[in-house]
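Atom set for the values below is all heavy atoms of this structure, side chains included, hydrogens, waters and symmetry mates excluded.
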Amino acid sequence: LVGEKVAIISQKPQTTRNRICAVLNRNETQFVFLDTPGLHKPRTLLGDYMVRVTRESVADVDAVLLLVEPVARVGVPEQILMEQLSQLNMPSLLVINKIDTVKKETILEVIAQYQNAHKFEAVFPISAKTGDGIETLFTELEKYSKPGPQLFPDGMASDQPEKQIIAEIVREKLLSCLDREVPHGTAVEITRFTEREKLNAERMVQAG
């Protein structure tokens, strides 16, 4: 959505551990997206923390986007989130990602399942990979923007420090390359972080 990599991804559940803020200035509107850990049944202290972050984040925004995959079944975590949304006085939108991977009939089934479970303001089938549906989603989100000061300076894509983003990217590669050798609970700590100018004046970051 913001055009830069500010959050890591993997096929493993609960990859996102913290609330991640992503920023995009578009026309006269500054969008601030809060990406939260997925809601799940915690089995560890880390899991408890992730679930708490998700629930607290939902109560601190102008609109909620429930992002789901194109599966024609409403899971338990999604049911819990929709119950919470019903108690909040704010608009909620359903965003169905990865529509490039399924047939149109499947997308219609997904929409029907979720609309029967919760009253959404609107439903948006999108593909983050191809960009399909993104413009329509932004047009809808602009309706919920409110006049106010600019929260983040121009050119800022996230409130995360570079050191933290680098640590997360390293963890993403560990999750991708070491399937069974490294436990899912792996953490990365950056102990050395330097910057230097390349010959063509581009900034180069080294971390260890």
Side-chain angles (χ1 to χ4, degrees), residues 1-9 15-39 49-70 74 77-100 107 110-111 114-166 168-169 203:
L1 290 175
V2 299
E4 294 187 30
K5 186 178 182 64
V6 297
I8 67 172
I9 60 172
T15 294
T16 302
R17 293 179 177 173
N18 301 289
R19 186 176 72 171
I20 298 173
C21 176
V23 183
L24 175 67
N25 291 324
R26 178 184 168 94
N27 300 326
E28 298 297 321
T29 303
Q30 182 172 82
F31 295 93
V32 181
F33 297 98
L34 300 179
D35 183 21
T36 67
L39 192 63
Y49 165 77
M50 292 161 61
V51 169
R52 186 170 66 252
V53 168
T54 301
R55 288 174 172 165
E56 291 174 354
S57 299
V58 169
D60 191 32
V61 296
D62 297 315
V64 176
L65 279 67
L66 179 59
L67 179 66
V68 300
E69 296 196 359
V74 179
E78 287 76 20
Q79 291 176 351
I80 296 174
L81 281 173
M82 287 186 290
E83 290 174 1
Q84 288 186 314
L85 294 179
S86 299
Q87 301 172 10
L88 301 175
N89 186 24
M90 66 176 61
S92 57
L93 313 176
L94 178 65
V95 180
I96 306 171
N97 192 24
K98 303 181 182 179
I99 61 171
D100 55 299
I107 299 174
V110 176
I111 294 174
Y114 277 91
Q115 285 185 327
N116 289 334
H118 180 75
K119 184 179 179 181
F120 290 97
E121 300 293 329
V123 179
F124 296 91
I126 70 166
S127 170
K129 182 178 181 179
T130 66
D132 288 348
I134 298 296
E135 288 296 323
T136 305
L137 176 60
F138 273 120
T139 300
E140 179 68 19
L141 292 178
E142 287 180 351
K143 299 178 182 178
Y144 303 107
S145 62
K146 301 177 182 178
Q150 184 168 318
L151 299 178
F152 298 95
D154 293 337
M156 187 174 182
S158 176
D159 63 347
Q160 301 176 94
E162 283 186 323
K163 193 173 182 178
Q164 180 178 343
I165 294 178
I166 290 173
E168 282 291 275
I169 291 176
R203 194 165 60 92

So [Y] and [X], do their side chains get closer than 4.5 Å, heavy atoms only?
X: K5; Y: I169; answer: yes
X: Y114; Y: V123; answer: no
X: N97; Y: E69; answer: no
X: L141; Y: L65; answer: yes
X: N25; Y: F152; answer: no
X: I96; Y: I126; answer: no
X: K98; Y: S127; answer: no
X: F124; Y: L94; answer: no

How close do [X] and [Y] get, heavy atom to heavy atom, and via which atoms?
X: V23; Y: M156; result: CB-O, 3.3 Å
X: T29; Y: S145; result: CG2-CB, 3.8 Å
X: I20; Y: A7; result: CD1-CB, 3.7 Å
X: S158; Y: C21; result: OG-O, 2.8 Å
X: K119; Y: S92; result: O-OG, 4.0 Å
X: M90; Y: V64; result: SD-CG2, 3.3 Å

Plane angle bin for F33 and F31 - parallel if under 30°, tilted between 30 and 60°, otherwise perpendicular: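 Parallel.
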Per the salt bridge (charged side-chain N to carboxylate O under 4.0 Å, His left out) rule, what does the pair list look like for residues 137-147, sequence neighbours excluded? R26-E142, D62-K146, E140-K143
Working to the nearest 0.5 Å, report the span between [atom1] of [X] and [atom2] of [Y].
X: L66; Y: L81; atom1: CG; atom2: CG; answer: 6.0 Å
X: D132; Y: L137; atom1: CG; atom2: CG; answer: 12.5 Å
X: I99; Y: I107; atom1: CD1; atom2: CD1; answer: 5.0 Å
X: E28; Y: Q150; atom1: CD; atom2: CD; answer: 10.0 Å

Please check: side-chain N/O of E78 versus main-chain N/O of V68, any donor-acceptor pairing under 3.5 Å?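 Looks like no, no N/O pair under 3.5 Å.
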